[in-house]
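Every heavy atom of this structure was used, including side-chain atoms; hydrogens, water molecules and symmetry mates were not.
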Amino acid sequence: MSLYTRLQQRAAEGRPIRIGLIGAGKFGSMYLAQIPRTPGVQLVAIADLSPAAARANLERVGWNPERAAAGSVQEALKTGSTWITDDWQAVTREPAIDIVVECTGNPVAAVEHCLDAFAHGKHVVNVTVEADAFCGPLLARRAQQAGVVYSLAFGDQPALICDLVDWARTCGFPVVAAGRGHKWLPHFTESTPETVWGNYGLTPEQALRGGLNPKMFNSFLDGSKPSIESSAVANATGLTVPSDGLLYPPASVEDIPFVTRPRSEGGVLERKGMVEVISSLEADGRKIPYDIRMGVWVTVEAETDYIKNCFEEYNAHTDPSGRYFTLYKRWHLIGLEVGMSVASVALRGEPTGVATCWNADVVATAKRDLAPGEMLDGEGGYTVWGKLLPAERSLGLGGLPLGLAHSVKLVRPVKKGQSLCWADVAMDTSTSAYRLRSEMEAMFAPAAQQAKAA
């Protein structure tokens, strides 16, 4: 039975999936725009640091003001409307809410929200993939222990990539590589919120119209978000990551199966079974026609001549050997697609992507020479960008995860291009995010040490 049919049933029975949203920014607003058009769901409550800003975004996406006029959660439940509050715990601890959609974009706060939701029997769809990148495996374990579902958010590229990987493996194909597209040139690692719009391809006026956050969008451009999302994919699918960061090979959609082969066969991969990101720009900055910038892809292999011949007989576009084939989606619709996760979690009890191992990490790396006393400002800011590394290597370096490089003071100088370690900063050790990360490192360190010895 399709998810939509089951949603219609829930609507007919008067048993909507009851949702609480934490964070009503750009991503959250895109989901808000779809809720009135989706049967069988009720947004019971929105928690945002600025209720006024949340109301403004509701107006922006076309909500009738009466729909969000509830004065309390009890009134919202009684009338089928929505309550807006600045108290996130009122969302995570409300017994009637089934699913919390964590949408703040703040990784330290997101960990707190997820853990409290688990403790109060709530499923969580975590849009804040920055948190998943540095402690997703343990968040998944905490959810399992609590008897709830923890999920990446459909619409964001990691969940879409996980879906393609699942398609491939379910069909019997070995996954050679999987990933997303990106507009990339090496100097983008130095980009700041002041330079982002010109490099990204938007005017300041377009950014203002869309209510776009320059720091958040810069986290895409400078390589932080591609690394974060690739880390989430690797940890959810078991794919491995490049030994020294993403390569961003330039390729059109047509050339992806050619490029995403092992080096021994003319491609760029260190080995089969890896994540990678395809650039939509040539090295000299020329735009590649028919690119995958906003999309996702998976490359699979025909392991037998019979399957290879099937590719040929049905005109599947492959690499020159005829053995490597790429399936792709050229676009993702971000928050407009989150309803897939909500429905899958509530109706099937299945996440749309969840960490199953710790293969990958994202380490804060200096954008410029940094001096003691400076404050790190996290992904998309002025001080650091995120570099994707194997988790084993990050552990060996004592790497500082990008998700914890927010409002942290440097205690030692760091050169441009150098990855930071714990000893470089004065870390606040009181947060749940830090404690969870420390516990995860202790849990996985013995396995990493054994692998290194082998």
Side-chain angles (χ1 to χ4, degrees), residues 16-25 27-29 31-32 35 41-58 67-132 134-136 138-153 335 338 341-342 345-346 403-404 406-407 428-437 439:
I17 302 165
R18 288 171 165 167
I19 304 159
L21 176 69
I22 305 179
F27 201 117
S29 293
Y31 179 44
L32 289 170
I35 288 174
V41 299
Q42 181 197 352
L43 182 62
V44 173
I46 300 171
D48 195 277
L49 293 174
S50 172
R55 291 188 186 280
N57 280 338
L58 286 172
R67 191 182 185 101
S72 67
V73 71
Q74 291 78 19
E75 182 182 345
L77 290 165
K78 182 178 179 180
T79 63
S81 58
T82 300
W83 176 53
I84 300 175
T85 178
D86 60 2
D87 181 5
W88 64 265
Q89 288 183 328
V91 173
T92 58
R93 300 183 181 188
E94 169 51 50
I97 288 176
D98 304 307
I99 298 177
V100 170
V101 179
E102 208 300 327
C103 211
T104 64
N106 181 325
V108 174
V111 171
E112 194 82 31
H113 301 160
C114 289
L115 292 176
D116 200 63
F118 299 158
H120 291 87
K122 303 284 181 289
H123 306 303
V124 173
V125 174
N126 185 18
V127 174
T128 306
V129 69
E130 296 87 350
D132 191 87
F134 75 82
C135 63
L138 213 51
L139 284 174
R141 182 170 297 194
R142 288 285 189 273
Q144 186 178 37
Q145 290 169 344
V148 297
V149 178
Y150 168 75
S151 177
L152 297 174
V338 173
S341 290
V342 170
V345 168
L404 290 177
H406 294 253
S407 302
D428 178 2
T429 61
S430 66
T431 66
S432 296
Y434 174 82
R435 291 194 297 270
L436 202 67
R437 170 65 185 218
E439 183 179 342

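Atom CD1 in I22 sits 9.5 Å away from atom CG in D87 (nearest 0.5 Å). Atom SG of C114 is separated from atom CG of L138 by 12.0 Å, given to the nearest 0.5 angstrom. Taking OG of S72 as the reference point, atom NZ of K78 lies at 9.5 Å (rounded to 0.5 Å). A distance of 4.5 Å separates CD1 of I35 from CG of L43, quoted to the nearest 0.5 Å. The distance from atom CG of L49 to atom OG1 of T104, rounded to the nearest 0.5 Å, is 8.5 Å.
The backbone N or O of A24 lies less than 3.5 Å from a partner atom in the side chain of N57, making a donor-acceptor pair. Looking at Q42, its side chain does come within 3.5 Å of a backbone N or O of A76 through a donor-acceptor pair. Under a 3.5 Å cut-off, the side chain of H123 and the backbone N or O of I99 do not form any donor-acceptor pair. Between the side chain of S81 and the backbone N or O of A69, no donor-acceptor pair lies under 3.5 Å.
Evaluation of the salt bridge (Lys or Arg N to Asp or Glu O under 4.0 Å) test over residues 102-131, restricted to residues two or more places apart or in two chains, returns R93-D116, E130-K225.
Closest heavy-atom contact between L21 and C103: CD1-CB, 3.9 Å. The two residues G20 and I97 make their nearest non-hydrogen contact at N-CG2, 3.6 Å.
Side-chain contact between I84 and L58 is present, with heavy atoms from C-beta onward closer than 4.5 Å. Here the side chains of T128 and N106 are not in contact, with every heavy-atom distance at 4.5 Å or above. Using a 4.5 Å cut-off on side-chain heavy atoms (C-beta onward), V100 and H113 make no contact. Between I46 and L32 the shortest side-chain heavy-atom distance falls below 4.5 Å. With contacts defined as side-chain heavy-atom distances shorter than 4.5 Å, the pair Q74/L77 does not qualify. Using a 4.5 Å heavy-atom cutoff, the side chains of I19 and Y31 are in contact. D98 has its side chain out of reach of V345: every pair of non-hydrogen atoms, C-beta onward, lies at least 4.5 Å apart. For the pair L115 and L139, the minimum side-chain heavy-atom distance is below 4.5 Å.
Other residues, nucleotides and ligands contribute only 12 or fewer heavy atoms inside 6.0 Å of the CD atom of Q144. Under a cut-off of 6.0 angstrom, the local environment of CZ in R141 is sparse, with at most 12 non-hydrogen atoms contributed by other residues, nucleotides or ligands.
Between R142 and E439 there is a salt bridge, since at least one side-chain N of the basic residue sits less than 4.0 Å from a carboxylate O of the acidic one.
Ring geometry for F118 versus Y150: interplanar angle over 60°, hence perpendicular rather than tilted (30 to 60°).
Scored by the side chain to side chain donor-acceptor pair (under 3.5 Å) test, R435 finds S432 as partners (sequence neighbours excluded).
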Apply side chain to side chain donor-acceptor pair (under 3.5 Å) to D48 and S50, showing your working.
CA-CA 5 Å; D48 195 277; S50 172; 4.9 Å; no
